[in-house]
Protein chains: 2
Amino acid sequence: MNVREQPVSETLMPPPDVNRAECPSRLVLEHVTSRWGVLVLAALLERSYRFSELRRQVGGVSEKMLAQTLQALERDGFVHRDAKPVIPPRVDYSLTPMGHEVAEQVWTLSRWVESRLDDVFEARETYDGARES
Amino acid sequence: MNVREQPVSETLMPPPDVNRAECPSRLVLEHVTSRWGVLVLAALLERSYRFSELRRQVGGVSEKMLAQTLQALERDGFVHRDAKPVIPPRVDYSLTPMGHEVAEQVWTLSRWVESRLDDVFEARETYDGARES
DNA sequence: ACAGTAACTTACTTCAAGGTGGGTACTTAC
DNA sequence: GTAAGTACCCACCTTGAAGTAAGTTACTGT
């Protein structure tokens, strides 16, 4: 048979497929499409932000959720954290090249949703109207 | 002053902005970026599905969540539901023109995440390695 | 001496997401 | 006759996501 050995892992893992429940790409997708993940990425596309600036920009995030979201995005390699060793602390958040790619997508999506809001409202009225008995 | 009356609503509503906590576009965005919403839309982009086909296609969805997700997407005007009055019941789900537009975006996003999985893993190793004490 | 500040962390609590298992109504296949 | 498929709905319960509020650090300004 002369099959070459797997170069990276002994246990050969299946190709990524979000339709499989166990596929790790689902978790990554959930990080970027999470409630605050989308908004943080989209915000960082426009410019880099400090923690509290970002908190003001993204309406309604608690400190806890912002920190949590940023950590997940940093760990996945989408966000770069630059903590200056000064007092009071100053931490700048920006997108990595890879983060920039996702951010563009979620930014576009956000804008698209905003632009189609009226159509959604109309659809809802039709839907709700049809099932009132 | 001679200000013209608002043609649609008395209470003039601010333009859609996902960065505002109360903006209704956030809810719509959450429907399409929800855990199952993304996967359902992406699946329906390839072809229309019956309920149980879709359940088989999207690994790990419960009946309850699939029904709930489809209802939200239908109400927002992204998914079209076609129930044939036959026995056993047959219901076909497909994308509306508007749904097709979002679905393309989340499909692209899903595929992008799958393709960048290795980079994410690498970033995680770097991140985790840096903070082990 | 004491308040203020930035970027968190931690503990506690609340609420929604989600899973499980039941039922339904009818038909076809075994 | 009974099991399985179909597309659900409903009630119950668990888990996890998220909010609230307080504590932490180390320095600066008054």
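Order of the sequence lines sets the chain letters (A, B, ...), proteins ahead of strands, with each chain counted from 1.
No side-chain donor-acceptor contact under 3.5 Å links B:Asp76 to the backbone of B:Phe78. The main-chain N or O of B:Gly77 is found under 3.5 Å from a side-chain atom of B:Thr96 such that the two form a donor-acceptor pair. A:Arg90 places no side-chain N or O within donor-acceptor distance of the main-chain N or O of A:Val86, the cut-off being under 3.5 Å.
You can see that DNA chain C meets the heavy atoms of chain B within a 4.0 Å-exclusive cut from C:dG18 to C:dT27, reading 5' to 3'. Of all nucleotides in DNA chain D, those with any atom nearer than 4.0 Å to a heavy atom of chain B start and finish, going 5' to 3', at D:dG5 to D:dC9.
When all heavy atoms of A:Arg26 and A:Val18 are compared, the pair lying nearest together is NE-O, 2.6 Å.
Ionic pairing of A:Arg111 and A:Glu114 is present here: one or more N-O contacts between side-chain nitrogen and carboxylate oxygen are shorter than 4.0 angstrom. Ion pairing between B:Arg116 and B:Asp118 fails under the 4.0 Å rule for side-chain N and carboxylate O. The pair B:Arg124-A:Glu74 does not meet the salt-bridge criterion, since no charged nitrogen lies less than 4.0 angstrom from a carboxylate oxygen.
Annotation: of the two residues near DNA chain D, A:Trp36 and A:Pro89, the 5′-most nearest-nucleotide partner is A:Trp36. Comparing A:Lys64 and A:Ala67, the nucleotide of DNA chain C nearest to each residue sits closer to the 5' end for A:Ala67.
When heavy atoms are screened at a 4.0 angstrom cut-off, A:Arg81 is found touching the sugar-phosphate backbone but no base atom. Among the heavy atoms of the strands, none lies under 4.0 Å from B:Glu53. Residue contacts for A:Gln71: at a heavy-atom cut-off of 4.0 Å it reaches the sugar-phosphate backbone alone, with no base atom in range. Nucleic acid contact for A:Gln68: none, since no nucleic acid atom lies under 4.0 Å from a heavy atom of the residue.
Both tests hold for B:Arg47 against B:Tyr49: distance to the six-membered ring centre under 6.0 Å, angle to the ring axis within 45°.
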